[in-house]
Novice: 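Below are the structure tokens for one structure; questions will follow.
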Amino acid sequence: MTRHPGSCHCGAVTFVLEAEIDHLTACDCSLCVKRNARMVRVRAQDLTVLSGQDQLGAYEWNTHRARHHFRRVCGIYVFHRKRASPDLYEVNVYCLDGFDPSGLPVRASEGVGMSVVAQGAREVWPGPRNA
């Protein structure tokens, strides 16, 4: 695994990501489109906040299952916990210090259809699938 340090704009929030980054994701939900972020998906245990945890705000909307974390002062979106898979995070690759995402393929991620709560949907996520 490769170690990728990252931070918000003002440097109050710092984190490290342990991951091999071979592609990025671009979600088409209204929030991701408006912030124009490119993300890398990682397991929760591969993302460690080193400083500024108490400086993070969380934005929840619609179903209130995903948590989008941003630095309350400089406003930078750093990562979010996934709605459909809360054992995963997506990290804003533009917050990774010294990382050049320009040569990586970008995979489209369908999010616009996940913006509603369907009748009969599970209330509680049952946990990650085994293999």
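Atom set for the values below is all heavy atoms of this structure, side chains included, hydrogens, waters and symmetry mates excluded.
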Novice: Look up atom OH in Tyr94 and atom CG in Leu96, then write down how far apart they are to the nearest 0.5 Å.
Specialist: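 So the gap between those two atoms works out to 11.0 Å.
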Novice: Going from CD on Glu60 to NE2 on His68, what distance comes out if it is rounded to the nearest 0.5 angstrom?
Specialist: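 These two atoms lie 8.5 Å from each other.
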Novice: Can you find a heavy atom in the side chain of Pro101 that is under 4.5 Å from one in the side chain of Arg38?
Specialist: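 No, their side chains stay 4.5 Å or more apart.
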Novice: For the residue pair Gly52 and Val13, what are the closest heavy atoms and their distance?
Specialist: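 Closest pair (atom of Gly52, atom of Val13, distance): O-CG2, 3.6 Å.
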Novice: For the residue pair Val16 and Arg3, establish whether any side-chain heavy-atom pair is separated by less than 4.5 Å.
Specialist: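 A side-chain contact under 4.5 Å exists here.
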Novice: To check you understand the geometry: which heavy-atom pair defines the closest contact between Arg71 and Ala12, and what is its length?
Specialist: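 Heavy atoms of Arg71 and Ala12 come nearest at NE-CB, 3.2 Å.
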Novice: Is there a chain of hydrophobic side chains (I, L, V, M, F, W, Y, each step under 4.5 Å between heavy atoms) that links Val93 to Leu56?
Specialist: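 Cluster IDs for Val93 and Leu56 match.
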Novice: Determine whether a donor-acceptor pair (N or O, by modelled atom type, separation under 3.5 Å) exists between the side chain of Arg35 and the backbone of Ser30.
Specialist: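 No.
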Novice: I want to check something: taking the side chain as every heavy atom from C-beta on, are Leu24 and Arg107 in contact at a cut-off of under 4.5 Å?
Specialist: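 Answer no - side chains too far apart.
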Novice: Establish, from distance only, whether the side-chain atoms of Glu18 and Thr2 form a donor-acceptor pair under 3.5 Å.
Specialist: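 No, no side-chain donor-acceptor pair sits under 3.5 Å.
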Novice: So, for Cys74 and His9, which heavy atoms are closest and what is the spacing to 0.1 Å?
Specialist: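 Reported closest heavy-atom pair: SG-N, 3.6 Å.
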Novice: For the CG atom of Leu47 and the CZ atom of Arg81, what is their distance to the nearest 0.5 Å?
Specialist: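 Answer for the CG-CZ pair, Leu47 versus Arg81, is 9.0 Å.
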Novice: Taking ring pair (Phe, Tyr, Trp, His ring centres under 6.0 Å) as the definition, give me every residue that meets it alongside Tyr89, ordered by chain and number, with sequence neighbours left out.
Specialist: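 Listed in chain order: Phe79.
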Novice: Do Val40 and Ile76 share a hydrophobic cluster, counting only Ile, Leu, Val, Met, Phe, Trp and Tyr and linking them when any side-chain heavy atoms are less than 4.5 Å apart?
Specialist: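 Same hydrophobic cluster.
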Novice: Can you tell me how far CG of Leu88 sits from CG of Asp46, rounded to the nearest 0.5 angstrom?
Specialist: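 Going from the CG atom of Asp46 to the CG atom of Leu88 covers 9.5 Å.
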Novice: Any side-chain heavy atom of Val78 within less than 4.5 Å of one from Asn92?
Specialist: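 Counting from C-beta outward, Val78 and Asn92 never come under 4.5 Å.
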Novice: Is the shortest heavy-atom distance from the side chain of Leu50 to the side chain of Thr48 under 4.5 Å?
Specialist: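 When only atoms from C-beta onward are counted, Thr48 and Leu50 do touch, with a gap below 4.5 Å.
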Novice: What are the two closest non-hydrogen atoms of Asp97 and Ser7, and how far apart are they?
Specialist: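 Between these two residues, the closest heavy atoms are OD1-OG, 3.2 Å.
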Novice: Just checking, any donor-acceptor pair under 3.5 angstrom between side chains of Thr14 and Ser51?
Specialist: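 On atom types as modelled, these side chains qualify, holding a pair under 3.5 Å.
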Novice: Show your reasoning for whether side chain to side chain contact (heavy atoms under 4.5 Å, CB included) applies to Phe70 and Cys8.
Specialist: CA-CA 8 Å; Phe70 62 94; Cys8 65; over 6 Å; no
Novice: What's the verdict on side chain to side chain contact (heavy atoms under 4.5 Å, CB included) for Val91 and Val42, showing C-alpha distance, side-chain angles and the deciding distance?
Specialist: CA-CA 8 Å; Val91 178; Val42 298; 4.1 Å; yes
Novice: Does some side-chain heavy atom of Met39 sit less than 4.5 Å from a side-chain heavy atom of Tyr77?
Specialist: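 Yes, side chains in contact.
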